[in-house]
2 protein chains.
Amino acid sequence: MDTSALPTKDRLIRAAAQLFRSRGYHGVGLNDLLAEATAPKGSLYHHFPNGKADLALAAATWASDEMLRVIAASFAGAKTFEDGATTLCFKLAKLFDLTGQQDGCPVGSTLFEGLGNAEFLRHAERCYEGWIEEVQDHANRFGLQEADARRRAEHVFLLIQGGWQLARARKSSEVLRGLPELFAYAPQRASTTGKN
Amino acid sequence: MDTSALPTKDRLIRAAAQLFRSRGYHGVGLNDLLAEATAPKGSLYHHFPNGKADLALAAATWASDEMLRVIAASFAGAKTFEDGATTLCFKLAKLFDLTGQQDGCPVGSTLFEGLGNAEFLRHAERCYEGWIEEVQDHANRFGLQEADARRRAEHVFLLIQGGWQLARARKSSEVLRGLPELFAYAPQRASTTGKN
DNA sequence: CAACCAATAGACCAATTGGTCTATTCCTAT
DNA sequence: ATAGGAATAGACCAATTGGTCTATTGGTTG
């Protein structure tokens with residue numbers, strides 16, 4: 001993606017999202033960051049008065065919104081919930097390969113290091129909750145009961161998070177592509193168990 | 001855990017494991033580390049000639065071995081594979097609560113940041129593979145077919161990794177305690193699918 | 001054109017980073 | 001007792017960290 005035409009603020013956000021994802025919040029210095037975004041330090045502190053921390057929050061938000069779009073696109077043409085979830089896994093596998101097979105979860109890598117920064121943690125939770133809800137909405141759309149939709153959505157989230165982590169260690173997207181096998185047969189259980 | 005009686009090298013390893021887990025490799029300075037371990041800099045470079053990187057590898061190894069022990073303990077008194085896996089989830093939930101509900105995966109937090117350091121990544125994969133194999137061995141012990149045991153073990157690994165991440169964002173071990181519901185009904189599938 | 005403010009630009013700073021190096025202390029084997 | 005290496009101790013270092021500050025540019029209003 002060529003970002004050179006974007007306004008400075010967006011270049012900063014994207015460079016931050018990319019770098020944080022691959023090296024973690026503390027692993028990225030402002031020098032690297034500004035070089036990558038081809039922006040001077042003055043611009044950073046103009047657009048983000050609180051500096052690195054503000055930028056990290058913005059980067060996580062942007063990356064999280066991207067993820068929401070990927071989820072929506074995956075379920076857009078789906079015939080069933082499993083269908084959409086499967087597409088999602090494959091899309092993410094492709095994304096994993098395209099980004100060098102080394103990056104972590106954009107939200108986790110960026111926000112899970114600000115030791116004492118409670119704001120970071122709260123924001124991470126919001127992002128994750130947003131992803132789960134997006135999946136859950138599609139589950140609802142396919143007729144799943146409220147509670148069941150929630151459970152299925154969370155299940156998919158957990159597998160993808162875990163899968164991404166293992167994929168990273170293995171430098172291979174294979175795990176991600178194998179996820180559908182794991183939730184495809186998952187039970188419509190608890191409240192509906194009685195009927196099966 | 002009072003570590004003050006341990007030899008310096010072990011104090012360093014444990015302090016490193018603890019700090020890296022909560023703040024990530026780059027989030028921990030040698031000053032914090034040495035203060036936490038109450039050791040002077042000279043000792044660090046005596047025991048770990050390559051400094052921080054060596055220490056991180058040692059810390060990850062130590063933490064990984066601890067995890068192997070937790071897995072073994074969980075399956076030790078188990079009647080079935082699900083039984084053991086369930087105990088494991090609950091043990092980890094308790095561990096999560098005891099460690100302040102904020103720490104990440106000891107291996108991932110420590111090793112997934114050394115950008116160019118291929119050694120880190122390789123070591124992370126070895127650790128993860130070790131965990132999966134340990135679970136797989138118990139699955140075998142309960143009579144599961146080789147391929148199926150492998151799949152079940154990996155499934156448990158993925159759920160725990162994802163669950164831990166979500167638990168961290170939510171500052172709650174609830175997710176971890178709910179994991180057994182998700183793999184309890186998992187299919188003995190693939191090679192056996194034809195018969196169903 | 002002038003006034004004004006958003007944005008860019010980068011010099012500069014104190015604090016911290018990971019790491020090196022020289023002393024000194026401690027323990028053990030002879 | 002003493003020689004010698006393991007271990008401890010911390011002063012010291014260059015490089016980098018995140019952040020501040022002043023100066024300048026650019027564009028949009030009046």
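Quick note on labels: first sequence line is chain A, next is B, and so on, each numbered from 1. These numbers were taken from a predicted model, which means no experiment stands behind them.
In this structure, Leu30(B) places its CG atom 12 Å from C1' of dT20(C), rounding to the nearest Å. Between the C1' atom of dT16(D) and the CG atom of Asn31(A) lies a distance of 7 Å, rounded to the nearest Å. Atom-to-atom, CZ of Phe48(B) to P of dT20(C) comes out at 16 Å; the value is rounded to the nearest Å. Between Leu19(A) atom CG and dT17(D) atom P there is a gap of 12 Å when expressed in whole angstrom units. Per the geometry, NE2 belonging to His46(B) stands 15 Å off C1' belonging to dC21(C), to the nearest Å. Protein atom NE2 of His47(A) is 8 Å distant from nucleotide atom C1' of dA6(C), rounded to whole Å. If you measure from atom CZ of Arg23(B) to atom P of dT16(C), you get 13 Å, rounded to the nearest angstrom. The nearest whole Å value for the distance from the CG atom in Asn50(B) to the C1' atom in dG19(C) is 11 Å.
Judged as a salt bridge (Lys or Arg N to Asp or Glu O under 4.0 Å), the pairs with a partner in residues 25-49 of chain B (not counting sequence neighbours) are, in order, Arg23(B)-Asp32(B).
Among residues two or more places apart in sequence or in another chain, the side-chain hydrogen bond (donor to acceptor under 3.5 Å, both in side chains) test is passed with Arg21(A) by none.
There is a path of hydrophobic side-chain contacts, each under 4.5 Å, that joins Val70(A) to Leu68(A).
For DNA chain C, the neighbouring residues in residues 32-45 of chain B, judged by any heavy atom under 4.0 Å, are Lys41(B), Tyr45(B). Against DNA chain D, the stretch residues 8-18 of chain B makes heavy-atom approaches under 4.0 Å through Thr8(B).
Using a 4.5 Å heavy-atom cutoff, the side chains of Val175(A) and Glu154(B) are in contact. At a threshold of 4.5 Å between non-hydrogen side-chain atoms, the residues Phe96(A) and Ser173(A) count as touching.
Leu158(A) CG to Gln165(B) CD: the interatomic distance, rounded to the nearest 0.5 Å, is 10.5 Å. The CZ atom of Arg14(A) lies 11.0 Å from the CD atom of Gln18(A); values are rounded to the nearest 0.5 Å.
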Side chains of residues 55-67 of chain B: which donor-acceptor partners sit under 3.5 Å, not counting sequence neighbours?
unit_1	atom_1	unit_2	atom_2	d
Thr61(B)	OG1	Leu57(B)	O	2.9
Thr61(B)	OG1	His123(B)	NE2	2.8
Ser64(B)	OG	Trp131(B)	NE1	3.0
Glu66(B)	OE2	Arg69(B)	NH1	2.4

Measure all distances between protein nitrogen or oxygen atoms and nitrogen or oxygen atoms of nucleotides 22-27 of chain C, and list the pairs falling under 3.5 Å.
none

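Salt-bridge check for Arg126(B) with Glu129(B): failed, with every basic side-chain N at 4.0 Å or more from each acidic carboxylate O. Salt bridge Glu82(B)/Arg152(B): present, at least one basic N to carboxylate O contact under 4.0 Å.
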Is there a ring pair (Phe, Tyr, Trp, His ring centres under 6.0 Å) between Phe112(B) and Phe120(B) once you walk through the steps? CA-CA 7 Å; Phe112(B) 275 153; Phe120(B) 275 25; 10.0 Å; no
